[in-house]
Amino acid sequence: MAQQKSLTQSNVSGWAFALPGFGLMVAFIILPFFFAIWFSLTNQRLISPNPPSFMGLSNYVDLLSIGTIVLEPERDATGAVIRDNAGDITYPRLRNFTRNNPDYPHLQGMREWFGWQTGPNDELRRVILAKDVVFMRALKNTFTFVIIVAPLQAGLALMLALLINQKLRGINVYRAIYFMPVVISIVVVAFLWRLIYDGNNGLLNNILGALSFGWFEPVDWLGQPSTALGSIIAMSIWQAVGFHMVIWLSGLQTISPTLYEAAELEGSSKWQTFRYVTWPGLRNTAVLILIVITMQAFGLFAQVDVMTNGGPLDSTQTIVFQAIERGYGKQDISGGSAISVILFLIVLSISMIQRYLTRERNT
Amino acid sequence: MADVVLKNIKKSFGNVDVIKGVDLDIKDGEFTVFVGPSGCGKSTLLRMIAGLEDISDGDMFIGDTRVNTVAPKDRGVAMVFQSYAIFPHMTVRENIGFGLTIAKTPKAEKDAKVAEAARILQMEHLLDRRPSQLSGGQRQRVAIGRAITRKPEVFLFDEPLSNLDAALRMDMRMEIGKLHQQLGATMIYVTHDQVEAMTLADKIVVLKDGAVMQAGAPMDLYHNPDNLFVAGFLGAPSMNFLIVDVIALTDDHAHVHSPVLGDITIATKGRQFTVGQQATLGLRPQHLSYVEATTAQLSGHVTLTERLGSETVINATLSDGTTLIAAIAEDQEFRVGAEIGLRFDTTKAHLFPELPTTTGAAH
Ligand SMILES: Nc1ncnc2c1ncn2[C@@H]1O[C@H](COP(=O)(O)OP(=O)(O)OP(=O)(O)O)[C@@H](O)[C@H]1O
Ligand SMILES: [Mg+2]
């Protein structure tokens with residue numbers, strides 16, 4: 001008894017017990033976090049004979065700089081717009097402005113991201129340029145992914161949870177089926193879906209062909225920019241929906257059955273019961289699920305790595321894919337770190353906004 | 001106008017029979033209380049009246065309608081649950097008006113009805129609070145308020161006060177009594193509390209193992225219990241039982257004998273006995289009085305005393321080891337171990353042909 005007491009009261013032995021765990025946490029979570037911030041401010045490379053030097057925010061500037069320019073059409077001597085053989089207006093080449101042009105220092109080294117016609121007769125062309133167009137595409141793709149996946153996956157998972165949350169014989173079989181994709185490694189799942197999406201003999205093309213009696217033309221789902229990201233989105237929603245279904249289920253089971261009985265006695269319809277009893281009871285679960293899905297979605301990597309490698313034409317580039325490609329593919333640890341830090345800030349601010357919007361309002 | 005009539009109502013869960021043929025006739029405006037030991041089926045019976053449980057067999061009428069297959073909301077019943085079952089995310093106002101919201105009642109009418117219910121329950125000042133900001137008694141009042149706004153023909157209460165502390169329970173008990181007088185509706189009330197049952201009820205229904213043991217006015221049941229179970233269940237402390245031998249019978253009296261009591265004559269009240277059988281003599285503790293040893297019918301020695309001020313409860317052990325409880329209607333000091341003599345009025349004693357089971361509810 002006395003020994004036990006001295007053990008629990010002694011500071012030294014307390015720290016000694018905590019040390020292994022705490023040390024591992026420091027070594028693998030806390031230190032890398034600060035290393036990433038530090039590297040992102042240097043020109044650190046993965047393997048390099050030269051010591052790194054401090055670069056300030058230049059990595060961030062390189063990643064995030066964007067500029068814009070309005071291009072005048074080229075005109076002939078009479079002032080008429082010159083058109084090419086196809087009848088399209090011709091413009092001066094962008095590189096005239098972005099390569100060592102002393103009048104446009106802020107566009108130095110940038111490339112066209114996207115642009116559109118503007119001005120009278122749509123003769124002018126406004127171009128948005130970015131220093132790192134690939135990273136911009138990665139940002140846009142990742143946000144697209146999050147904005148589509150978060151509500152769809154959460155909604156679908158909730159629907160499944162409501163269906164599963166009934167006292168029916170054999171309902172556990174369904175639970176298991178929906179949860180199965182979650183326990184299979186995402187890499188394996190992605191490989192399988194590459195077969196499903198195959199442009200020639202893929203399962204999806206075959207099914208659509210059969211359902212439309214051969215009318216449907218096979219599509220190379222992952223091979224063309226217009227469908228690649230959508231295909232990855234669909235597969236990702238399918239893969240993790242079971243996981244969120246289980247979280248919704250646990251939320252559903254915290255709602256007292258007498259509340260449902262009280263609602264039933266008042267003659268509440270199914271929809272009214274959902275609106276007045278179920279949904280308010282799921283508030284905290286909903287916040288949790290939204291935050292978890294958002295964070296997972298921002299981390300999109302494995303599917304892209306296995307299925308498309310960021311292609312075609314950068315249409316499936318994502319933030320994490322870029323971070324890893326820079327850091328390890330191009331050995332540019334500082335650039336990769338800067339991307340990680342940007343991702344961290346994005347996720348942090350979105351989570352804080354979500355928490356603020358879904359905060360408990362006490363009146 | 002709503003009588004509630006149950007004809008041979010039965011309920012089984014799987015192959016477990018929980019309600020085994022209950023016949024009841026509850027008059028319009030009557031306050032009926034279901035009592036019985038835990039697990040005897042009180043809640044089940046109440047929930048069958050509410051429509052929350054299917055009826056396995058038999059007929060149930062509310063008013064003139066057979067309601068076996070009528071949906072809960074169309075039965076004209078409202079129910080108050082032990083756990084309150086009020087919606088935590090709604091204000092008191094929204095909770096009370098919940099049924100009207102469900103029925104899409106116009107706002108003006110809803111406000112008027114909510115205000116009316118709040119006035120009856122004296123909780124106008126609480127209308128904008130949330131349940132988390134209310135005490136237990138106030139929460140239960142909200143639940144009652146929600147029931148009132150439905151203007152039901154029949155109120156159902158399932159142990160509405162058992163989550164409250166003793167003082168509050170007394171207040172709420174009186175309020176429910178007042179409410180009954182005010183509204184004049186039929187009320188069916190499940191409780192474990194004898195005092196609630198005795199004070200509130202026009203009619204008490206004593207249940208045991210899914211069957212009605214006796215139904216009638218509280219004082220009827222108290223003074224003229226039909227059987228040993230009812231005799232032992234009502235009254236506190238519970239009735240004393242002595243095993244006696246029937247030695248002779250006249251038209252309406254029996255001569256009985258017991259080693260500790262000698263011979264006495266007791267009215268049979270229409271019950272059938274045969275000479276030579278064993279029977280049970282029931283004596284209420286309040287009907288035992290303390291006397292000199294010379295005039296005592298029963299004598300033993302004191303093993304425990306409880307002085308309550310208004311009365312003194314004595315446990316006495318007789319010479320054959322039986323324990324008797326006597327409640328003396330005055331404050332008196334008894335020494336543990338002292339000899340004590342007891343007398344009773346034979347007209348107030350009961351004689352039952354059945355014998356107490358050792359595990360019965362008598363003690
Ligand atoms: N859904 C159910 N499935 C199976 N058995 C049930 C179910 N509901 C109740 N029972 C059984 O029916 C019996 C009566 O239950 P009930 O809840 O009516 O008792 P009660 O008289 O209200 O008890 P208490 O005073 O403890 O509330 C119990 O034995 C219980 O185990
Ligand atoms: Mg009960």
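What you see is a predicted model, and the numbers here were worked out from it, not measured in a lab. Within every chain, numbering begins at 1; the chains are lettered A, B, ... in the order of the sequence lines, protein sequences first and strands thereafter.
- Enclosure of atom CZ in Phe13(B) by more than 12 non-hydrogen atoms of other residues, nucleotides or ligands within 6.0 angstrom is indicated.
- Looking at Ala50(B), the atoms closer than 4.5 Å to chain A (heavy atoms on both sides) sit in the backbone and in the side chain alike.
- Below 4.5 Å, heavy atoms of chain B meet heavy atoms from Thr258(A), Leu259(A), Glu261(A), Ala262(A), Ala263(A), Glu264(A), Leu265(A), Glu266(A), Gly267(A), Ser268(A), all part of residues 244-269 of chain A.
- Surrounding CZ of Arg275(A) are at most 12 heavy atoms belonging to other residues, nucleotides or ligands under 6.0 Å away.
- No part of Pro152(B) comes within reach of chain A, as not one of its non-hydrogen atoms sits under 4.5 angstrom from that chain.
- The 12-atom threshold is not exceeded at OH of Tyr174(A), counting heavy atoms of other residues, nucleotides or ligands nearer than 6.0 Å.
- Proximity to chain A (any heavy atom under 4.5 Å) is restricted, for Ile86(B), to the backbone atoms N, CA, C and O.
- Within a 6.0 Å sphere centred on NZ of Lys140(A), heavy atoms belonging to other residues, nucleotides or ligands number 12 at most.
- The number of heavy-atom neighbours closer than 6.0 Å to CE of Met170(B), taken from other residues, nucleotides and ligands shown, is 12 or below.
- To the nearest 0.5 Å, atoms OH (Tyr276(A)) and CZ (Phe87(B)) are separated by 10.5 Å.
- Using a 4.5 Å cut-off between heavy atoms, Arg75(B) makes no contact with chain A at all.
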